[in-house]
Structure formats: C-alpha cells, structure tokens
Amino acid sequence: MRERSDCSSAKDKNSKVTEEARIVFIAGPTASGKSAAALALAEKIGAEIVNADAMQVYRDLEILTARPCGPDLARAPHHLYGSIDGAERFSAGRWARAAADLIAEIGARGRPVIVIGGTGLYFKALAEGLSPIPEIDPAMRKQASERRRTLGAEAFRDEVVAADPQMAHLPVADVQRLMRAWEVFHATGTPLSAFQARPRRPLAPAPTASVVIAPPREALYEKIDARATEMIEGGAVEEVCALLERGLDPNMPVMKALGVAEIAAMLSGDASQEDATAALQQSTRRFAKRQLTWFRNQAADWPRADDVASATEVLLAAFGCK
C-alpha cells in the first residue's frame with residue numbers, strides 16, 4: 001500500500017479539517033494542467049479522483065481526449081474515466097448521479113475526493129442538483145431525430161419553440177438541446193423549461209476547496225497546439241479510424257469529440273495531416289475560450305490559478321498542508 005505523505009498526519013491533528021475538507025473541485029480549460037494538479041494533490045492527501053470531463057468518460061478515445069493512463073492511474077485511484085461505451089449517451093444527469101454515489105462511497109472509506117474536469121455543466125449539476133425530469137424512453141430521441149430530418153433544422157426549431165417558448169434562445173445549431181426539449185415535451189406533455197424551473201437540491205456536500213486553473217491565453221494556446229500535434233502523431237488517427245468503423249449515430253456525443261471530424265476528413269482524403277492538425281488546434285483553442293468564458297461567468301467566486309504549482313498550493317492550504 002502506498003504510504004501517505006506527512007500532509008495526511010498533519011490533517012489528522014486538526015479534527016475540523018479532517019471532518020470538513022473532503023471534496024475538492026478542480027476545473028479549467030483543456031490543456032491547463034488540471035490532471036497534474038489533481039495527481040499532485042491526491043498524493044499529498046490520499047485522495048481519489050473523479051472525472052468531470054464529458055468526453056473522458058468514453059472508452060473509445062483515450063488519446064484524443066487526453067485521458068489519464070498508464071503510470072498516472074497508478075498514482076491515485078481514478079473513477080469515471082473510460083467507463084462508458086461510445087454507443088451510450090452519458091448525460092450530465094447520469095454523470096452527476098454516478099459522481100454523487102462515488103463521492104459517498106469514497107467518503108465512507110475516509111478518503112477525500114477530487115472532482116476534476118473541464119465540463120462546467122457537470123460541476124453545476126453536482127453542486128446545484130438536477131431538474132426533476134422523468135426518465136424518457138430512448139425511442140423518443142430517435143423520433144426527435146426523425147422529426148428534425150423530416151421538417152428540416154429551421155422548422156424543427158420552430159416546432160420546439162412553439163411548444164416551449166423558453167427554448168427560443170437556442171440556435172438552430174444546438175441540435176442536442178433542441179432534440180432534448182422536443183423529446184421531453186412529447187413524452188410528458190410538459191415543457192422542458194417547466195421542469196427546469198422546479199426547485200433542485202445539491203447532490204453532494206459543498207466543496208471545501210475549489211480552483212479554476214486559467215493560464216495566460218498565449219501559454220495555454222501553445223500547450224493546445226503542441227498537444228494536438230502529439231495526438232495526431234501518437235495514435236489519435238487510429239482511434240478515430242476504429243471509432244468510425246463502429247458506424248455509430250453521428251449525433252452521439254462521442255462522435256462530436258474534438259478531433260473526430262478533423263481526423264475523419266484526413267482519413268477520407270479531404271484534408272492532409274497538416275490540415276487536420278491545424279484544424280484540431282483551431283477548434284481546441286476555440287473550445288478552450290468557451291470553457292474560460294463559462295467558468296468566468298458561472299464560477300466567478302472560485303479562486304483562480306495561473307498554473308499547476310499555484311493551484312496545488314491553494315488547495316493544499318485548505319487541508320492545512322504545504
């Protein structure tokens with residue numbers, strides 16, 4: 001068994017910290033160093049790590065999603081990484097319920113929990129709770145897809161908004177949420193917005209410590225560009241090839257992972273490797289910018305850190321450690 005650091009014994013001397021400092025949230029854009037910070041903290045405090053990245057839950061794309069692997073997995077217990085088949089649709093609701101169960105199990109073992117990822121909606125669902133939407137028959141999603149195909153994208157959106165005017169803010173391109181609104185209304189007779197307006201309860205205790213790792217833009221983009229090159233040269237092409245061979249519905253979440261479309265174009269001969277790499281770099285930079293905007297607006301009260309070292313320092317302080 002791996003020996004814990006002096007930090008664990010220091011924590012045990014302070015009963016208040018031992019009882020309360022159980023959950024840590026680490027968030028930030030892709031390539032910001034979240035995984036490194038989580039591992040450094042986990043080794044110091046004997047914590048277990050729970051994934052909060054919407055794409056890293058799928059087992060099909062280890063390289064393309066930068067999922068922890070090999071030696072990193074041996075440094076601390078990891079949960080909800082590569083545990084879902086790409087043929088499944090793993091929603092924020094399913095993730096939040098699974099994460100809440102894991103947090104309770106890990107807490108019962110007397111260990112802290114580090115929830116880490118770049119999917120802001122996952123943190124929000126866990127911390128604020130879920131809308132009380134009934135389970136919807138998966139067949140309704142197929143009906144929604146067929147209805148959209150029959151009507152066309154614009155007319156389908158119009159139909160959704162007619163049934164649920166609160167969905168008027170959704171653009172035509174937001175296929176997933178428009179289909180979700182359609183299927184909920186047609187399955188229950190109640191608009192999705194009505195369910196969303198009902199009271200919610202947090203699914204887990206409030207975190208004792210949280211941080212958003214937000215490196216300077218130029219440094220972040222350099223890491224993103226370097227990572228994209230490494231992925232395409234290091235096995236991501238083979239991953240996407242295997243994924244495409246499965247013939248999954250293009251609307252499945254895993255098919256929308258960053259890099260799938262770019263590498264698919266390369267595999268079909270519509271783009272060179274250089275073009276695919278440049279396209280992946282650009283789409284990832286844009287995605288990182290959206291992530292930063294989300295956390296700036298939705299997690300404005302979380303402490304910020306420029307890098308892994310400063311983030312780890314902030315979090316260790318919450319455990320009475322250095």
(message) To the nearest 0.5 Å, what is the distance between CD on E238 and CD1 on I263?
(response) 9.0 Å
(request) May I ask you to check whether over 12 heavy atoms, not counting those of E274, lie within 6.0 Å of atom CD? (result) no
(request) Please answer whether the main-chain N or O of L64 pairs with a side-chain N or O of E239 as donor and acceptor at a distance below 3.5 Å. (result) yes
(message) Assigning hydrophobic clusters by single linkage (Ile, Leu, Val, Met, Phe, Trp, Tyr; side-chain heavy-atom cutoff under 4.5 Å), is L203 placed with L121?
(response) no
(request) Using modelled atom types only, decide if a donor and an acceptor are shared between the side chain of R22 and the backbone of G110 within a distance under 3.5 Å. (result) yes
(message) For Y81, is there any backbone N or O sitting under 3.5 Å from a side-chain donor or acceptor partner on N51?
(response) no
(request) State whether the side chain of K34 and the backbone N or O of P29 hold a donor-acceptor pair below 3.5 Å, judged by distance alone. (result) yes
(message) Check whether T312 reaches the backbone of L41 with its side chain - one donor and one acceptor, N or O, closer than 3.5 Å.
(response) no
(message) I need the L80 CG to I49 CD1 distance, nearest 0.5 Å.
(response) 12.5 Å
(request) Look at E62 together with R59 and state whether they make a salt bridge at an N to O cut-off of under 4.0 Å. (result) no
(message) Is it the case that the side chain of D164 and the backbone of P191 share a donor-acceptor pair, with hydrogens and angles ignored and the cut-off at 3.5 Å?
(response) no
(message) To the closest 0.5 Å, what do you measure between CD1 (I232) and CE (M266)?
(response) 6.5 Å
(request) Return yes if a side-chain donor-acceptor contact under 3.5 Å exists between H186 and Q143, otherwise no. (result) no
(request) Identify, with sequence neighbours excluded, every residue that meets ring-ring contact (aromatic ring centres under 6.0 Å, His included) alongside F25. (result) F123, W302
(request) Please answer whether the main-chain N or O of Q56 pairs with a side-chain N or O of D53 as donor and acceptor at a distance below 3.5 Å. (result) yes
(message) Tell me whether I133 shares a hydrophobic cluster with L126, the cluster being built from Ile, Leu, Val, Met, Phe, Trp, Tyr side chains joined at under 4.5 Å.
(response) no
(request) Answer yes when D60 and R67 have at least one side-chain N-carboxylate O distance shorter than 4.0 Å, and no when they do not. (result) no
(message) With a sphere of 6.0 Å drawn around NZ of K289, does it hold more than 12 non-hydrogen atoms of other residues, nucleotides or ligands?
(response) no
(request) Evaluate side-chain contact (heavy atoms from CB on, under 4.5 Å) for E222 paired with D225, printing each intermediate quantity in order. (result) CA-CA 5 Å; E222 287 180 1; D225 289 352; 5.9 Å; no
(request) Walk me through it: do T229 and L280 pass the test side-chain contact (heavy atoms from CB on, under 4.5 Å)? (result) CA-CA 9 Å; T229 300; L280 177 56; over 6 Å; no
(message) I'd like to know if the side chain of Q291 reaches the main chain of T30, judged simply by a donor and an acceptor atom lying under 3.5 Å from each other, with no hydrogens or angles considered.
(response) yes
(request) Examine L244 and L248 and state if one hydrophobic cluster contains both, with Ile, Leu, Val, Met, Phe, Trp and Tyr joined whenever side-chain heavy atoms are less than 4.5 Å apart. (result) yes
(message) For F90, is there any backbone N or O sitting under 3.5 Å from a side-chain donor or acceptor partner on Y58?
(response) yes
(message) Within this structure, what is the CZ-OG1 distance for the pair R227 and T284, rounded to the nearest 0.5 Å?
(response) 9.0 Å
(request) Would you give the length of the straight line joining atom CD1 of I116 to atom OG of S35, rounded to the nearest 0.5 angstrom? (result) 4.0 Å
(message) Return the CE to CG distance between M179 and L170, rounded to the nearest 0.5 Å.
(response) 12.5 Å
(request) Tell me, yes or no, whether the heavy-atom count around Q166 atom CD, taken from other residues, nucleotides or ligands under 6.0 Å, exceeds 12. (result) no
(request) Report yes or no: does R180 contribute a side-chain atom to a donor-acceptor pair with the main-chain N or O of V175 at less than 3.5 Å? (result) no
(message) Check this for me: R198, atom CZ, are more than 12 non-hydrogen atoms of other residues, nucleotides or ligands nearer than 6.0 Å?
(response) yes
(message) Under 4.5 Å between side-chain heavy atoms, counting indirect links through other Ile/Leu/Val/Met/Phe/Trp/Tyr residues: same cluster for M252 and W182 or not?
(response) no
(request) Group every Ile, Leu, Val, Met, Phe, Trp and Tyr by side-chain heavy-atom contacts under 4.5 Å, then state whether I26 and L73 land in the same group. (result) no
(message) So that I can tick it off, tell me whether R147 and E159 are bridged by a salt bridge, with the cut-off set at under 4.0 angstrom between side-chain N and carboxylate O.
(response) yes
(message) For Q176 and R141: C-alpha separation, side-chain torsions, deciding distance, then whether side-chain hydrogen bond (donor to acceptor under 3.5 Å, both in side chains) applies.
(response) CA-CA 10 Å; Q176 294 299 316; R141 174 53 61 105; 3.2 Å; yes
